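Comments concern the structure below.
Every value quoted in this text rests on a predicted model; they were computed, and no experiment measured them. All values below come from the heavy atoms of this structure, side chains included, with hydrogens, waters and symmetry mates left out. Counting starts at 1 for both ligands and their atoms, following the listed order.
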Amino acid sequence: MCGEDEMYRDLREFIARLETEGRLRRVRREVDWDLELAHVAKINEQDGGPALLFENVKGYPGASVLTSLFTAKERVAIALEVPPETRFLEIARSWVQRIKDKRIPPVEVPTGACKEVVETGDGVDLRSLPAPWFYPKDGGRYIGTAAYLVSRNLDTGRLNLGTYRVMIIDGKRAGIQIIKAKDAEIDLRGYAARKEPMPVALVIGGDPLLFLCSSTLFPLTESEYEVVGALRDAPMPVVKAETSDLLVPADAEIVIEGEIMPGDLLPEGPFGEYPGYYTGAGAVDREYIRVKCITHRRDPILWSTTVGKPITDTHMVMGINRTASLWNDLQNMKIPGIMGVYGPPAAAGRMLAVIQLKQMYHGHSTQVGLAAFATNTGNYGLKTVILVDDDIDPENMDQVMYALGFRYQPDRGTQILERGRSTPLDPSLPIEQRYMTSRVIIDTCIPYEWDHKPMPIEMDAALVERIKGDWASYFTAPAPAPPAKELARV
Ligand SMILES: Cc1cc2nc3c(=O)[nH]c(=O)nc-3n(C[C@H](O)[C@H](O)[C@H](O)COP(=O)(O)O)c2cc1C
Ligand SMILES: [Mn+2]
């Protein structure tokens, strides 16, 4: 047990804190995993409701399902140990500062709560866990929506944590959507060359930061375990898996161990995804996990995120982690003058970003726009960068609209780039051609090179100070005395 107040050992400590503050409710009524559970969660989220812990899932005594954990900004802030009212951009700033030039490797411990129950051989059945069926046209029950896959790179030995959706095919097989060039897909290429299966562990639970980081675009060489360590300022306790030398978080809820055989495919999907549409091509043949062993807590909590139209968990999670990782990437490029980065959750933090800068030289704003697309984060599917001057708050949409309305000049301020890496989930692209996208820089900054810049209106600073210092007096002063003489009637 870590003991310090600064971090959550596991999902349960986080749940307990949320519950104490009225930010999580238990659902005790029986709920069907077949659509009902996900629909209750989604309706709750549309109303801005709390996190939900479903304790009575039909046919699954003893297990529960957690949803809507991160649909509210306040709960994201709490997971990152900043005050709940912290603005989104400031939560991201704290993330960027905490991992700057710091990595803390995990520490191996002998055993952990994730091993309370160990199922192998005939005992292995994915359907023994209460995986929800989310939307009517989904291809199956999705057990992995807030899960992360642990894999090892054969060349470097680096352990990767990546969130990729996982659908139950049958008791011992689960389809997984690892999009091309994601870290686990690159790991898989190494095993493909050797014609060997890749050992994997699909994990649910543990410190919520594990999930926030497993769904962040860190460079291929980085281990998410070490970034989580830096964010927590303490090493992540891990244990050896049962069937491989992979390391899994000791305090996880559920660990599904197995292997992926490169090139061996089965249909996965469709799934009602976060762009608000089912995945383009319906069911697609993909690699799948052959499950060998399942370990879990005695009363496991299956954490799930809702997907579909914004704003769901998925949008908030990507909103915060893409904002933080784009900002972190830009910071690593050492470009001066970047004051703030904001990836709005409604665009999942990743299709569009607003970047605030203090221009310092000719071409500075164009440099920042191009740099955003060249980062590890922005290279993957970022389509629109809106550049704003340093007096515009990128998180304040009225101010961004002001900049777009008054400072933006379409011919000068628009630069289109034609061929960038896309996400196959983007519904703005034809279904069969979704790996490449165009991009646009929308520059609302007043040009640096103008000799005659528009003159901004400012109040008289000394007067503002005097008025503020004496504010109450404007409302408490006695009524003015009546005039001495009655005014002559006209
Ligand atoms: C809820 C959620 C679901 C996601 N599902 C997928 C998915 O099915 N496939 C995928 O490639 N990426 C998915 N992502 C995005 C990846 O998690 C993200 O790109 C991450 O960087 C992958 O890890 P990696 O960089 O180690 O490959 C999802 C993200 C979230 C928040
Ligand atoms: Mn990674």
Side-chain angles (χ1 to χ4, degrees), residues 38 41 67-71 76 103 132 134 138-139 142-153 156 158-167 174-189 200 202-204 208-228 268-275 278-280 284 286-289 303-308 310-326 328-329 343 345 348-351 375-382 421-426 434-435:
T67 70
S68 318
L69 197 63
F70 284 140
T71 330
V76 175
R103 294 294 179 266
F134 287 81
D138 288 352
Y142 273 80
I143 193 162
T145 55
Y148 42 96
L149 190 82
V150 184
S151 61
R152 193 186 289 282
N153 186 279
T156 63
R158 173 291 272 115
L159 285 176
N160 191 67
L161 270 53
T163 292
Y164 318 108
R165 74 181 193 212
V166 178
M167 183 189 94
I176 181 162
Q177 176 191 245
I178 309 173
I179 289 170
K180 277 182 199 159
K182 294 292 176 91
D183 293 354
E185 195 268 333
I186 289 176
D187 291 351
L188 197 62
R189 294 179 196 179
V200 294
L202 183 75
V203 183
I204 294 163
L209 296 180
L210 287 160
F211 170 58
L212 284 181
C213 286
S214 67
S215 54
T216 304
L217 286 161
F218 293 111
L220 180 64
T221 48
E222 292 255 21
S223 178
E224 286 77 3
Y225 274 140
E226 301 189 6
V227 187
V228 171
E268 185 271 346
F271 189 48
E273 274 280 7
Y274 70 89
Y278 287 95
T279 24
V284 170
R286 301 186 199 280
E287 269 102 1
Y288 58 92
I289 306 171
W303 178 10
S304 297
T305 58
T306 50
V307 278
I311 291 177
T312 68
D313 264 348
T314 312
H315 302 90
M316 282 306 278
V317 167
M318 295 223 247
I320 193 65
N321 71 26
R322 300 293 165 111
T323 295
S325 72
L326 178 58
N328 183 53
D329 291 348
R350 59 163 308 182
M351 313 310 289
T375 59
N376 186 63
T377 305
N379 178 51
Y380 180 50
L382 180 62
R421 180 184 176 205
S422 172
T423 161
L425 300 183
D426 185 346
R434 287 189 173 173
Y435 279 97

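Among all protein heavy atoms, the one lying closest to atom 18 (C) of ligand 1 is R322 NH2, 3.6 Å. Protein heavy atom closest to atom 29 (C) of ligand 1, with residue, atom name and distance, is S215 CB, 3.9 Å.
Comparing T305, D183, V307 by heavy-atom distance to atom 25 (O) of ligand 1, the nearest is D183. Looking at K182, R286, K180, it is K182 that brings a heavy atom closest to atom 19 (O) of ligand 1. Residue Q177 holds the heavy atom nearest to atom 8 (O) of ligand 1 of all those in E268, M167, Q177.
The distance from ligand 1 to the heavy atoms of L217 drops below 4.0 Å at these ligand atoms: 19 (O), 21 (O). Listed by number with element, the atoms of ligand 1 under 4.0 Å from a non-hydrogen atom of G162 are 23 (O). Within ligand 1, counting atoms from 1 as listed, the ones closer than 4.0 Å to a heavy atom of T314 are 1 (C), 2 (C). In summary, the atoms of ligand 1 found under 4.0 Å from a heavy atom of M318, numbered by their order in the structure, are 31 (C).
Using a 4.0 Å cut-off between heavy atoms, S214 contacts ligand 1 through its backbone alone, with no side-chain atom that close. At a heavy-atom cutoff of 4.0 Å, ligand 1 is contacted by the backbone of L161 but not by its side chain. For T216, every heavy-atom contact with ligand 1 shorter than 4.0 Å involves the backbone, none the side chain. Of the heavy atoms in I179, both backbone and side-chain atoms come closer than 4.0 Å to ligand 1. Under 4.0 angstrom from ligand 1, the non-hydrogen atoms of N160 all belong to its side chain. The backbone of T145, and not its side chain, has at least one atom closer than 4.0 Å to an atom of ligand 1 (non-hydrogen atoms only; backbone = N, CA, C, O). Of the heavy atoms in H315, none comes closer than 4.0 Å to ligand 1. Here V317 has side-chain heavy atoms under 4.0 Å from ligand 1, and that is the only part of it that gets that close.
If you check the side chains of R350 and Y274, you find a donor sitting under 3.5 Å from an acceptor. A side-chain donor from one of T163 and S214 sits under 3.5 Å from a side-chain acceptor of the other. Using a 3.5 Å distance cut-off with no hydrogens or angles, the side chains of T216 and N321 do pair a donor with an acceptor. Of the N and O atoms on the side chains of D187 and S151, at least one donor lies less than 3.5 Å from an acceptor on the other residue.
The atom of E224 that is an N, O or S and sits closest to the Mn ion (ligand 2) is OE2. Within D183, the N, O or S atom at minimum distance from the Mn ion (ligand 2) carries the name OD2.
Of the possible polar contacts, none joining the N160 side chain to the V150 backbone as a donor-acceptor pair under 3.5 Å is found. Listed for the S304 side chain is no donor-acceptor partner under 3.5 Å among the backbone atoms of T145. Put simply, the side chain of Y380 never gets that close to the backbone of K182: no donor and acceptor are under 3.5 Å apart.
The Mn ion (ligand 2) has no N, O or S atom of E222 closer than 2.8 Å. Contact annotation: N160 places an N, O or S atom under 2.8 Å from the Mn ion (ligand 2).
Within the structure, ligand 1 has E224 among the residues with a heavy atom less than 4.0 angstrom away. A heavy-atom separation below 4.0 Å is not found between V166 and ligand 1. The shortest separation from a heavy atom of R158 to ligand 1 is not under 4.0 Å, leaving the residue out of contact.
Classified by interplanar angle (parallel below 30°, tilted 30° to 60°, perpendicular above 60°), the ring pair W303/F211 is perpendicular.
Shown here for T306 and A41, the closest heavy-atom pair between the two residues is CG2-CB, 3.8 Å. Between L425 and Q177, the shortest heavy-atom distance links the atoms CD2-OE1, 4.0 Å.
In summary, the aromatic rings of Y142 and F271 are positioned with their centroids under 6.0 Å apart.
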Exercise for review: Give the C-alpha distance, both sets of side-chain angles, the deciding distance and a yes or no for salt bridge (Lys or Arg N to Asp or Glu O under 4.0 Å) between E222 and R158.
Suggested key: CA-CA 7 Å; E222 292 255 21; R158 173 291 272 115; over 6 Å; no
**Study point:** side-chain contact (heavy atoms from CB on, under 4.5 Å) evaluation trace for L210 with L161
**Key:** CA-CA 8 Å; L210 287 160; L161 270 53; 3.8 Å; yes
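Salt bridge E273/R165: present, at least one basic N to carboxylate O contact under 4.0 Å.
Here's the thing with T163: one of its N/O atoms is less than 3.5 angstrom from an N/O atom of ligand 1. Some N or O of R165 is nearer than 3.5 Å to an N or O of ligand 1, by distance alone.
With a 6.0 Å cutoff to the six-membered ring centre and a 45° limit on the axis angle, K180 counts as a cation-pi contact of Y435.
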